[in-house]
Structures are given as structure tokens and as C-alpha cells.
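Report on the following structure.
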There are 2 protein chains.
Amino acid sequence: MASVPRRADAAQNRARIVECARALVVRPGELKLNEVAKAAGVGQGTLYRHFPTRDDLLIEVYRADVEALVAAAPELLAEQPPLEALHSWLRRVAEYARVKRGVFAAVTASVRTDLAGHSVGSIAEAITLLLDAAKAQRVARPDVDARDVVLLLGSLMKIDDDEWDTRAGHLIEIILAGLRS
Amino acid sequence: MASVPRRADAAQNRARIVECARALVVRPGELKLNEVAKAAGVGQGTLYRHFPTRDDLLIEVYRADVEALVAAAPELLAEQPPLEALHSWLRRVAEYARVKRGVFAAVTASVRTDLAGHSVGSIAEAITLLLDAAKAQRVARPDVDARDVVLLLGSLMKIDDDEWDTRAGHLIEIILAGLRS
DNA sequence: ACCTGAACACCGTTCAAGT
DNA sequence: ACCTGAACACCGTTCAAGT
């Protein structure tokens, strides 16, 4: 799935689709697939050939962002105590979610894909890394897992734009307090 | 808005629409408005006349359930210490949310409507009642409000059916721990 | 005052035909 | 092997005509 196309024109089409999707996804409302195809100058069928599901496209659109989040986990853990690292990481996720609303759909989709494909370096593993470190020092509840965190983080998506500044950091503090032992 | 119709046939149509919506909303997927109109034996325009927005209909469908939740708050508070009452109330919300998935959409819609209309006996007031009691005893964070709770509770909606039993109570415990001071 | 339902708009998805 | 775009399906929403 999502393998690299063999033909050069196909690879270019694929790249242009992702590029246009990235430009369009920032606009309010759901990303319109037909609009992406039109903007990329390809037929709708071509879009579906490369990305059978909406999630496939979103994962690709936010791949770099998600990878950055995954990479940040061990880095933060090297600099700070586990709970502070977790806090910093959650705040970073919130920043992404504010600027790029759709990134969370990609994160959720990635977690779902993980369950089947078990890809290396996933978001779920990043969260687990942070949680395990905190559990080892007995500063986090032993019974929480990555899915708990993903589910709770989903509440960030429901925050209205005008209340973001005051509400987002607040919710993260509450979530972190809940994870603490 | 949503005032009682003057004519008898209009009142009957309205009642039948709500009745059919209640029957259809339990099925998986979003409630289809045209399907509701057809099931109720009325034109689509009639449905829109009575319920200009989807939220208006959902609020009506779950009115009794939401009122029961609102009424439960002071009752639980009379029986238990504030934090236990809050815990019990959250668990009750979770029960509703499991059986009637859509009830949460109604709760969210109610909170939105509250902001404008300021209706008495709302969900937001019920939560505030519980939170204030807990704050008064210094067992809850002073900086949390009803919207925090509603946003966090939204994570329950994303729980898959097959993991509900183990996950829902767990998430509520984490949320409650986060609200604790 | 209220109802009907055809009609429009919109968007996702498929597939026969083409290169 | 890959692309195109007409066509279908589906659902929300409106509105002219009717009672």
C-alpha cells in the first residue's frame, strides 16, 4: 500500500496531489477530494489510484509533521525529566494542531494504521516511550496507555479558534494531571 | 425558537418527526434527515420548518435524557461528597453515551445554545454545580470550568464499541484525576 | 399557517474508454 | 501501467405550488 509508482509521470502526479492537498487543507472545512484532483490537474480516478482512502492522503500530507513529533519524543526525554518531557511533547502536539488542524486526523489515522501494520517509529510508540519513562520513575499512573492519551488529546480539536490561547494549555495541564500518579 | 405549533396537525407532525428520529438515531452512522422525514411521512420541508438545524432536532430527540442528567447532579450531590458525586455523574454520562451515541451531540449542542439563550437547568449549569461544590471543599482545581469537562468528555465518543467496557471507566478516572486539586 | 416533493447543490466514488 | 472525466449515488437544503 502507498508504494512508490514505477512510472515517472505517476510519481509526479502523486507528488503534485500531495502538494495541492497540503495547500488546500489549511482552508476551513473538510478537504474536498475532487478539489484536490482539480487543483493538481489530474482526474479523480488518479487521486483514488494513489490514495484509496482519505486517511491515506492525510497521512501523506502530514507525514513530515508526524515524523517530527515522533522524533521529538526521545529528544525531549534526553533533556528533561519524564513528566516534563511528556508535558513539553503534549504542548508541541497542541501547537501543530492549532496551526494545522488536520494533523490530528493524520495522527489518529496513523494510530489506526499502526494497529494493523505495526510501522516503526509511530506516534503510538513515541507516546509509549514517554509514558514508560514516567512510569519507571513512578510519576505516571501505571495503567495508562498511548490510546488513552490520543483519545484525550482529541478534545483539543473541538476548541474554537477564538478561545484557543486560553483553553489549549489549560486542557493539557488537566490531561497531564490526570496521567500523573 | 422551537415554539409549539398553533395548529393540531403541525403539532402531530412535529411529534412524529421526533419519534421517528429517536427510532432511527440508534442506527450506526449519522442520522439521515431525509430518511427521518420519509419515516415520519412528511415532506422534507416540514422537517426543516420544525427543526431549522440538525442540532435543533437532536436536542429535541434527547431532551428527556439530557434533563435526566441535569436533574441527577443535585441529587448525587445530596448523597455524596462533591468529588464522588462528580465521579458518579461522569459515569452516568458515559452510560448514556454508550447506549445512545447521539446524546453527546445533543449535550454539546445544548452547551452551545446555552451561550446564546442562557436556558435554565442546562448541562453547563449541572457541571458547574458539581465543580463549584468540589472547589468549595478545595478538592477540585479552582481553574477548571464546565467547558473543560465537556471537551474532555468528548473523548468518550471516539471509543470503539469493542473496547468500551475497559476504556470508558478508565478515561473517566483519568479525567477526574485531572480535575482534582 | 402549514405541507408537499420536485429540484438543486454538493461531494464522494466508480468505471469504461483511452494512452 | 496509468490516466481521464462522465456518470452515478447520496444527502442536505430550498422553494414554488398547493391545502
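Without hydrogens or angle criteria, B/S181 side chain to B/R138 main chain gives a donor-acceptor distance under 3.5 Å. In this structure, the side chain of B/D148 engages the main chain of B/D145 through a donor-acceptor pair within 3.5 Å. Of the possible donor and acceptor atoms, one in the side chain of B/E163 sits under 3.5 Å from a partner among the backbone N and O of B/D160.
Counting to the nearest Å, the P atom of C/dC2 and the CG atom of B/L47 are 15 Å from each other. Taking atom CG of A/N13 as the reference point, atom P of D/dC3 lies 5 Å away to the nearest angstrom. Summarising the geometry, the separation between CD on A/Q12 and C1' on D/dA1 is reported as 16 Å, rounded to the nearest angstrom.
Residue A/G29 is classed as having no contact, given no heavy-atom separation below 4.0 Å to the nucleic acid.
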Base contacts versus sugar-phosphate-only contacts with protein, heavy atoms under 4.0 Å: please encode nucleotides 8-19 of chain D as B, S and - from 5' to 3'.
---SBBBB----
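Taking only side-chain nitrogens and oxygens, B/H50 never comes nearer than 4.0 Å to OP1 or OP2 of C/dC2.
D/dA16 is paired with C/dT4 under the Watson-Crick or G-U wobble criterion, all donor-acceptor distances under 3.5 Å. Pairing for C/dC11 is absent, judged as Watson-Crick or G-U wobble with the two contacts each under 3.5 Å.
Scanning all heavy atoms of the two residues, the minimum distance from A/Y96 to A/A68 falls at OH-CB, 3.5 Å.
A salt bridge is defined here as a Lys NZ or Arg NE, NH1 or NH2 lying under 4.0 Å from an Asp or Glu carboxylate O, and B/E35 with B/R27 meets this definition.
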For A/D143 and B/H170, what are the C-alpha separation, side-chain angles and deciding distance, and is it a side chain to side chain donor-acceptor pair (under 3.5 Å)?
CA-CA 9 Å; A/D143 60 344; B/H170 196 228; 3.3 Å; yes
